[in-house]
Amino acid sequence: MELTEEKGRRSGSAGPAPRADTACGIGTCRPHCIQRCAHLLPFSFIFGIQTLITNSLSFYLSSQITTIEKQFGISSTDSGLILAGNDIGFLLSVLFVSYLGHRVHIPRVLTICGFLFGLSGLLCSLPHFIFDGRSSIDEARKSDNERSDHFLCRADNLTMGLNCDQTESQHYVSQSGWVVLYITLCYVIQGVAKSPRSPLGSVYLDSSTDKSKTGLYLAISTSFGIFGPFVALILGGVFGKIPVNLKPTTMTPEDPRWIGAWWLGFLLFGSLALVVSILVLMFPRTIPEPKSDGDESNETDDSSNRKSAPNDDFSVMEMLKAFPRVFQRLWKSKVYCLMVASNSFTLFGTIGLNSFGPKYMENIFNIPPWKANSILGVQVLVAGSLGTFLGGFLVSRLKLARNNCVKMILILCGVSTVCQFVTVFLGCENHSVKKSTLSPMAFPGSTCRCEDSDSLMVCSTEGVTFFSPCHAGCTNVTDNVYSGCQATEGPMLPGICDSGCPFLIPYLIVTTINILSATLRLVPLFNVLLRSLEDQDRSIGMGLHSFIMSLIVFLPAPIAYGKLFDNTCLTWKETCGSKGACHLYDIESMRFTLMSVNALLAAISFLITIPAFIFSQKEMRESKMEQSIEITEPQTKTSPTSTSLTLPEK
């Protein structure tokens, strides 16, 4: 006590200095002016901002899938492998980290994670500076007319294709492979950094406040995280309109060959993650409880000692020995197991399609990448953030018990299932693309040979799409406008002609409802998982949930959906004899395949939630019966007078 008072006098404070494990600051620097921040509300906001930045960094790659595939000539399956790298790292560390619970200084762990995120973000931008992508980079860096000549119909009956020897071909293939491996490793680092965020963050919030307020603080921090995809998509759209080399060009973002400055986003989010992590480091190991009188100070100190005690005798061997007993307790909770299973089916479709969400809209509705990113960004902002915060507010305001939370999830699962089945029928017909591979073409006097011509969809003034300017018989190009074409009298512009498909707006309405219902389930789901476990098992229970989601959902879903995308490809781009990115998709097959799979997964999730609701009701009735028995037994042993005196006290 004397030591504490002496520290207080040295710092110039009126009272004793706060305990090191309940005071804000770094090391010995713990000024009293910042101790007001030792509260869960400031932590919720700062932790939410950190989650916002890290979620933006994780989701940013999805907004740049098409661009990176073009620049480095990789397939959607390769892109899915890169996205899965995040969860490979997550799986390697989540169980160990989540078991730590109160045994570690949670804000410090979250700070280390933030630094890892920032470092991985900066590293992801390096392929732009290190690797020299072949044709796609040249299309944006060289003069447009120089690169456009090889698409034309030449007078000597030969198209000016790329001259690649065997060495160049092997270099191009090797370069693409190294890019995939390098970015995948960067995302593995992100996965390791992501693993402590959800289990330790939720435990830190849940263990430092009244249990009835957990939903509110979780809603605040989670709502910030929902803005992550919005920020990633919006900035992805902005950077997508900037040339990859930051130099002026006559090529427009609507051109199929356009490559945006994808690397800028990784630099931005990586730098911000490093800065915000310092603020998280300022928070104490334990948030002090509010004091109502002078005596409560000693209680708080004792409480702090109790919370930190497990760390004194903690060892890795004891943790490993305790794992079997912990898992046995977890599997005994039927509601917990069923909700984990239900959520796995829901998330598989959500994560799989969201990983390629912008790319899906680009191809189905024939819109440029920057526009698809902007639309999805606004959609996530409106529906995602509103749904997450509203879900947490309802749980906190109405003080929903576990049974009511399961009922809410069941209803919302039904809404999502209906929405998924509706989207199967909201799409456009396949593009009609004219292509001639043999001479003479269908035009009188044509001597063009286009079998070796590269693919570049062009649209005529009549609304007809051709596979390339060569197939349209074009002989001249000026500022990316092709003229002198035998197929049409007017000029031809790069890109597929607009088919007038009317389903974009209905698709956005239905998917917005689906996103709203999905995000409304987040906080109730966390509440159900936490309330289905004992206090000592909540940290590992949340970690096990995250581990299972990564193992059977986040890891395989992007790869599986990338493969589904590739299976619907009609024409592949070939560079130096090697297959690169897809040029043209069968959009009808893409829509029916992807949306049917999503609808089936949503229906299975809904069916699994039904027995979870039944078991929840059964356990609630049993709990009420036990409580009524405990109350009745003491009453039979006391007189009416003594009962009337003790009841108000209870």
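Atom CD1 of I604 and atom CZ of F345 lie 5.0 Å apart (nearest 0.5 Å). Within the model, atoms CZ of F45 and CG of L52 stand 13.0 Å from one another, a figure rounded to the nearest 0.5 Å. One finds the NZ atom of K563 at 10.5 Å from the OG atom of S76 (value rounded to the nearest 0.5 Å). Atoms CZ and CG, from F356 and L564 in turn, are 9.5 Å apart once rounded to the nearest 0.5 Å. How far CG of L381 is from CG of L233: 10.5 Å, rounded to the nearest 0.5 Å.
Nearest heavy atoms, S120 versus Q190: OG-CG, 2.8 Å. When all heavy atoms are compared, the tightest approach of V276 to I46 is CG1-O, 4.4 Å. A pairwise comparison of heavy atoms in W370 and G237 identifies CB-O, 3.4 Å as the closest pair. When all heavy atoms of S58 and F117 are compared, the pair lying nearest together is OG-CE2, 3.4 Å. Across all non-hydrogen atoms, the minimal contact from V424 to F592 is CG1-CD2, 3.8 Å. Of all heavy-atom pairs spanning I65 and S79, the tightest one is CD1-CB, 3.7 Å.
Residues L279 and I49 have side chains not in contact (no heavy-atom distance under 4.5 Å, counting atoms from C-beta outward). V477 has its side chain out of reach of P469: every pair of non-hydrogen atoms, C-beta onward, lies at least 4.5 Å apart. Here the side chains of T346 and R521 are in contact, with some heavy-atom distance below 4.5 Å. The closest side-chain heavy-atom distance from L57 to L272 is not below 4.5 Å.
At a cut-off of 3.5 Å, with distance as the only test, no side-chain donor of D498 or N366 sits close to an acceptor on the other residue. Side-chain atoms of S517 and S416 include a donor-acceptor pair closer than 3.5 Å. Of the N and O atoms on the side chains of S355 and S62, not one donor lies less than 3.5 Å from an acceptor on the other residue.
Remark: F389 CZ is loosely packed, at most 12 non-hydrogen atoms of other residues, nucleotides or ligands lying under 6.0 Å away. Enclosure of atom CD in E429 is not indicated, since only 12 or fewer non-hydrogen atoms of other residues, nucleotides or ligands lie within 6.0 angstrom.
By the 30° and 60° cut-offs, the orientation of the rings of W262 relative to H128 is perpendicular. Between Y60 and F266, the ring planes lie perpendicular to each other; the angle is over 60°, past the 30° to 60° tilted range.
In this structure a side-chain-to-backbone donor-acceptor pair under 3.5 Å is present from N430 to I587. Of the possible polar contacts, one joining the S342 side chain to the S605 backbone as a donor-acceptor pair under 3.5 Å is found. Judged by distance alone, with hydrogens and angles left aside, the side-chain atoms of Y182 form a donor-acceptor pair with the main-chain N or O of L123 at under 3.5 Å.
Sequence neighbours left out, the pairs with a member in residues 342-369 that pass salt bridge (Lys or Arg N to Asp or Glu O under 4.0 Å) are E69-K359.
Residues passing the disulfide bond (SG atoms under 2.5 Å apart) test with C485, sequence neighbours excluded: C474.
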Requested in this report: Let me see the working for L504 and M361 under side-chain contact (heavy atoms from CB on, under 4.5 Å), right down to the final yes or no.
Outcome: CA-CA 9 Å; L504 177 59; M361 287 188 61; 3.8 Å; yes

task: Assess whether side-chain contact (heavy atoms from CB on, under 4.5 Å) is satisfied between L81 and V180, documenting all intermediate values.
output: CA-CA 8 Å; L81 178 62; V180 173; 4.2 Å; yes

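C124 has its SG atom 2.5 Å or further from the SG atom of C186.
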